[in-house]
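Structure, as structure tokens:
One-based numbering, in listed order, for ligands and for the atoms of each.
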Amino acid sequence: MTQHLLIIDDEPDMLTLLKRSLEPELGCQVDTASSGEAGLEMIRATDYDLVLADIKMPGISGIEVLEQIKADRGEEVTVVMMTAYGRIEMAVEAMKHGAYDFITKPFDHDALVMRLEKAFERSRLLKENLRLHHECRSTDMFQKLVGKSPEMQRVYDTIRMIAKNDLTVLITGESGTGKDLTARAVHALSNRNTRPFIAVNCPTVPEHILESELFGYKKGAFTHATRDRKGLFQEAHTGTIFLDEIGDIAPTIQTKLLRVLQEKEIKPLGEARPIQVDVRIIASTNQPLSEKIKSGDFREDFFYRLNVLPIHLPPLRERTGDIPLIANHLLEKHCAKLDKPLKRLSPELMDAFVGRRWEGNVREMENLIMQGILFSPADEITPKDVGIPREPSPGPGPDMPPFLDLPYKEAKENNLSTFNATYIGHMLTLSKGNVTQAAKACGLERQALQQIMRRYGISAEPYRQSP
Ligand SMILES: Nc1ncnc2c1ncn2[C@@H]1O[C@H](COP(=O)(O)OP(=O)(O)OP(=O)(O)O)[C@@H](O)[C@H]1O
């Protein structure tokens, strides 16, 4: 991409001369401004890679231009100053204000080109750094949610699409599917990410306490209210509140939450006047709320207020392609947490994992893996270590393979994933984690094997621990 240079100088001849010589020599596009005021306006409108400004100008001086650029854009824009020969104190002043370099007039042309090339290089590196930093931040947001299946890709797309606005989100999914992680990802990608994220596990708080926990109370509101206390909504002000397992809350609290959603205000117990709060609400449930509405346990109007932006997390058995990836992720995470050397999952255990129904989803898998890490005597965790019978569970029907009720593409992808985890796992076991040897045994080029391993989230690391 062509780089973009802005030259600010009050001498028109100098501008013409520099533009004419620098454009072909640096291979960049040069714009010119004949005053500090005009220059600043152009900088606000265009993303320049480099600004070359004269220090001494009538009106806004070069130093003032520099100060303004630093105030508006920080380190994003690289600035080089020009000063007349002998005005070294001005150049020092410019460096103090954050100029990258200074050049004295009259110039030695070659030296000028060389210094501007260096400044362009600095600007390119800086922009690349900023881009990577930004990319890292946005992948960080999802880093705890592992899974590459089409189902999880849809979840990530939805999170990205809905995170930035302030609308209410309802996350549904069986227990242990990652609703809590998803709520945190929505907050992390939202504009509120530097503000509080308050999670409330609704069923664990007794009904009579939940109201005062959420909305707070005034001194004297009830017998033990010896002082004013802020509720969680006030704690979450300008941030996000996550109401986990909302399906379990009592109708009286549903009515009060409905009011918060409608009016954006809360009323602490014992307080006469409502208090305005600016809180984004994310709720989750593992129960079909439609049934609760039918039985009269959940207010229908409250449900519609909550279900503005829905996210559904599919159960693990419907995204079996993710199982090897999540299993290895949890293994690494918990070996580190439990301060144990990295173990590996035997191919038989991975097979059993893929065929399992996982009623408790990722949480159930996490528990099994922790047991395996603690109880397996060797580096390899086998089905026996976690109490799984050797034969994989039969899946949906008595004799039916677990993929027969899936669409072709998905069934194929899931089976490929299992096949790769088992086959490559076996070859890596034999080669003690040596990828070159494993590739030879597979009859593949090393790079081809590495590509497959990357695609299916297989790491050679755990196999290197073999005695
Ligand atoms: N996609 C995933 N990748 C990695 N870890 C996950 C994933 N989904 C869930 N987990 C892990 O599984 C455990 C359960 O996840 P989480 O608490 O988010 O589920 P939940 O749906 O909120 O569960 P519950 O309904 O029981 O509250 C957590 O330790 C979480 O880190």
Inset, instruction - Provide, to 0.1 Å, the distance between atom 27 (O) of ligand 1 and the closest protein heavy atom, together with that atom's residue and name. - result: D244 OD2, 3.9 Å

Legend entry - ligand 1 to R319 polar contact by distance, N or O atoms, under 3.5 Å: no

Legend entry - Under 4.0 Å to a heavy atom of E245 - the qualifying atoms of ligand 1, by number: 25 (O)

Inset, instruction - Return yes if a side-chain donor-acceptor contact under 3.5 Å exists between T255 and R299, otherwise no. - result: yes

Legend entry - The single option from V51, V79, V77, D49 passing side chain to side chain contact (heavy atoms under 4.5 Å, CB included) against S123: D49

Legend entry - Option set T182, V146, L181, N367, criterion heavy-atom distance to atom 31 (O) of ligand 1, minimum: L181

Inset, instruction - Write out the residue and atom name of the closest protein heavy atom to atom 25 (O) of ligand 1, then the distance separating them to 0.1 Å. - result: K179 NZ, 2.6 Å

Inset, instruction - Around atom 16 (P) of ligand 1, find the nearest protein heavy atom and jot down its residue, atom name and distance. - result: G178 CA, 3.7 Å

Legend entry - Nearest protein heavy atom with distance in Å, relative to atom 10 (N) of ligand 1: V362 CG1, 3.3 Å

Legend entry - Charged N-O contact under 4.0 Å between R305 and D301: no

Legend entry - salt_bridge(E67, K70) N-O dist < 4.0 Å: no

Legend entry - CA sep, side-chain torsions, deciding dist, call: F303, F298, ring-ring contact (aromatic ring centres under 6.0 Å, His included): CA-CA 7 Å; F303 169 75; F298 206 82; 7.0 Å; no

Inset, instruction - Tell me, please: is K333 in heavy-atom contact with ligand 1, that is, under 4.0 Å? - result: yes

Legend entry - Which residue and heavy atom of the protein sit nearest atom 23 (O) of ligand 1, plus the separation: G176 N, 3.0 Å

Inset, instruction - Evaluate the ring planes of F233 and F215, with Trp represented by its six-membered ring, and classify them as parallel (under 30°), tilted (30 to 60°) or perpendicular (over 60°). - result: parallel

Inset, instruction - Select one of side chain, backbone, both or neither to describe which atoms of M365 lie under 4.0 Å from any atom of ligand 1, heavy atoms only. - result: neither

Legend entry - Proximity winner for atom 14 (C) of ligand 1, if only heavy atoms of K144, R363, H329 are counted: R363

Inset, instruction - Provide, to 0.1 Å, the distance between atom 29 (O) of ligand 1 and the closest protein heavy atom, together with that atom's residue and name. - result: E366 OE1, 2.5 Å

Inset, instruction - Please confirm whether the backbone N or O of E380 pairs with a side-chain atom of R344, one donor and one acceptor, at under 3.5 Å? - result: no

Legend entry - Side-chain touch L349/I388, heavy atoms, less than 4.5 angstrom: yes

Legend entry - Residues K127, D47: salt bridge by 4.0 Å N-O rule: yes

Inset, instruction - Please write down residue, atom name and distance for the protein heavy atom closest to atom 22 (O) of ligand 1. - result: D180 N, 3.0 Å

